[in-house]
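Protein chains get the first letters and strands the later ones, always in sequence-line order, with residue 1 at the start of each.
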Amino acid sequence: MKSIFKLVPVFCVLLFVLSSCKSQKAVVDANQEPEEVIEETTPEPTPPVKEEPKVDPEAANRALDARLSNYFGQIANASSINAANNNIREAVGMFSNGEAPVLIIFYAANGTEDFDEPTTITKYLNYLKDLKKAPHKVKEMVMDSQGRIKELVLVKK
Amino acid sequence: MNNQIFKRLSYVVALMAFFAVSTQAQSPVDPNREKAIDSLALEKVKDLGKYIAIIGNKDTPFSEANRVMDRAEELFAPGSEMGVSSLASEEIKYYKVREYFQRLMALNYDKVNIEWYDVQYISDLERQPDGRYVGVVTVYQKFEGTTADKLNYKDTTKKDITIYVEKKKTQIAGRTIEFWDVILGDIRVSETSV
Amino acid sequence: MKRLILLSLSFFFVFTSYSSAQIVGENYEIEQQLLASTKQLNQFFKRFNGEEDVKGRTFEPDDRQYRNERLRKRYLSILFDEEDTDISSQAKNDFIERVTQADNPAFLNLHSKDWFAVVNTTFLYKGKELPLLLYMKIQKEALGYEWVIADVAFEPYKTMFDKQRGETKVFLHPMSHELDFMNLRKALLKGGVPESYTLADYKPDFLTIFLYEVKMGILQFQTVNRMNYHFFGVDGWYFSLNNFNRANDNSGWLISDLLQVNASQKEDLLKMIYEKK
């Protein structure tokens, strides 16, 4: 998959142009060129107010991290669908809601991170259940004011 | 050789132009990222295999099978098809992904044994007119099914699986996340002689 | 039983934790065969160019092995069909020497204009299933590339527009204009020979007829049967690729025809492949 990288700069420049220049975009759209690249998967109803400080799992929330990782393992290795579903229900309780976004980094180098398609905690935990694997560890948790996780960033083990 | 140098030069120029307009630039010439995308694609192929195992397993409750079918379908681009041929007939038979899953659920093997060979081939990613990238992952699998009346069926098939790769952006909690969308497309299934 | 076979053929990808396994041991030989097989056109190109290792992993251009001449020679020697072919070992060696020539090596490229695919398909035409050949080429479009239909060959078209010449042919007489061409009524009849009333050098455009008939539903696509690829990119040479599905190392996409051709032979060959007169 080499040829992609020769084109990435051009592609990125195009992305930039598309997102910043309306008239250009109109021209491109008229030609039915690239599909809409901007996808709103998880619209947040409230405008981005002051973000809560990101909690470093190394520090105060080490316990939370451990609890969550433990759930990942239990769901992946559950003896039955019921057992897995119970664990999923409990684990979702640690989050603001079942739709809390989950970002998965599949590659990181030189200070940049490449993400897989964002998912939600409910879908992610079901993924672990279905595929019977727990391939990721917690990289970052963003907490809400109730001390629940409102956003989770994972990375490949 | 000159051509090669020219390619590199033009690439450097393009890269510089890119850095000039965007500070979020990432090094495109990163063979490791390339490999990571390959692995991600392969991972999705394996995930599909596991979803299908659940759908095909007679012990899976109906509601679970349906939920898993939805998840499996999410791996595919809309309109994706399976094109199946056998040694006996080179003619390709076409099935829609959902139709395929439903046929699978209706299958009545008593025992199924699936092994897959440790041989896979991942093509280059090529850019298509709409700007998305497309590649093909090839894997091989040995199938053995036994019906209740002890009818045994065996084959080894080659699967050529279309992979689409696209860089997308989404808003999460007010910030823009760029991600690689890796989805599956049409799958060609051909029986092999091995 | 046939139904059973069909059902299980489509039953693929079942990897369960209890019933699936990566094959080891007794299947080592099969894995070696699959590894040796040229599994994709992509792999044919990479092997031809010396751009991947034996496991199919791409070399970076700064790798010492990348396009290495010795590696290419080794790969090239396994890219020929060795069972059903009449390619002489002399031709094979000459070709390998030519494409690996140190000062002027030849490489293949997916985006090149010098190759095309011939896809053997089946269409439903007036109630009958008939074979139809599609000639496919790759072209640049917008942000990338696409495969397109460059031409077709279809038996019913071949004679449909053959016009008669000479004294016995039907014609519109040279004073027709004085009658306001009223004789056209007798010339243009259903099932008639309207091609008789065309210029001496009239040539039908089969692709346009094909597109029209597909649009009108007269031709209905049924299936793809098999395909092969023709290459004219190596100066002075022609070769074609076919897929060999067999249980040994010499399988997958392999060179099945190889010819040294000059310019006029190339034209003749193209006419033959395109089934043109």
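- Remark: B/T138 OG1 to C/Q40 CD distance equals 3.5 Å, nearest 0.5 Å.
- The two atoms that bring B/S193 and C/A247 nearest to each other are O-CB, 3.5 Å, heavy atoms only.
- Note: B/V194 leads B/V134, B/I55, B/V194 in heavy-atom pairs under 4.5 Å with chain C.
- Between C/K46 and B/D124 there is a salt bridge, since at least one side-chain N of the basic residue sits less than 4.0 Å from a carboxylate O of the acidic one.
- Contact annotation for C/L110: only side-chain heavy atoms (C-beta onward) come within less than 4.5 Å of a heavy atom of chain B.
- Residues B/E91 and C/T223 have side chains that never bring a donor and an acceptor to within less than 3.5 angstrom of each other.
- Using a 4.5 Å heavy-atom cutoff, the side chains of C/R57 and B/K35 are not in contact.
- When C/E52, C/K55, C/Q43 are each tested for a side-chain hydrogen bond (donor to acceptor under 3.5 Å, both in side chains) with B/Y121, only one passes: C/E52.
- Note that OH of B/Y117 is 9.0 Å distant from CD of C/Q33, once rounded to the nearest 0.5 Å.
- Using a 4.5 Å cut-off between non-hydrogen atoms, the part of residues 144-151 of chain C that approaches chain B consists of C/G144, C/Y145, C/E146.
- Between atom CE of residue C/M227 and atom CD of residue B/E90 there is a gap of 8.5 Å, rounded to the nearest 0.5 Å.
- Looking at B/Y51, neither its backbone nor its side chain comes within 4.5 Å of chain C, counting heavy atoms on both sides.
- Enclosure of atom NZ in C/K113 is not indicated, since only 12 or fewer non-hydrogen atoms of other residues, nucleotides or ligands lie within 6.0 angstrom.
- Only the side chain of B/K158 comes within contact range of chain C, judged by heavy atoms closer than 4.5 Å.
- Here B/E126 contributes atom CD and C/I138 contributes atom CD1; the two are 7.0 Å apart, rounded to the nearest 0.5 Å.
- Not counting sequence neighbours, the partners of B/N66 by the side chain to side chain contact (heavy atoms under 4.5 Å, CB included) test are B/F62, B/M69, B/R98.
- Inter-residue side-chain proximity for B/Y140 and C/E31 is flagged as unmet; no heavy-atom pair is nearer than 4.5 Å.
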- I would like to know whether C/K39 and B/V119 meet side chain to side chain contact (heavy atoms under 4.5 Å, CB included); could you show each step before the answer? CA-CA 10 Å; C/K39 296 169 275 298; B/V119 175; 4.1 Å; yes
Can you give each donor-acceptor pair under 3.5 Å made by side-chain atoms of residues 125-137 of chain C, sequence neighbours left out, with the distance rounded to 0.1 Å?
unit_1 : atom_1 : unit_2 : atom_2 : d
C/Y125 : OH     : C/E213 : OE1    : 3.4
C/E129 : OE2    : C/Q222 : NE2    : 3.4
C/Y135 : OH     : C/I273 : O      : 2.7

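- To the nearest 0.5 angstrom, C/L34 atom CG is 10.5 Å from B/D118 atom CG.
- Here C/D86 pairs with nothing under the side chain to side chain contact (heavy atoms under 4.5 Å, CB included) rule; sequence neighbours left out.
- Within the 4.5 Å cutoff, the side chain of B/T192 has heavy atoms near those of the C/N245 side chain.
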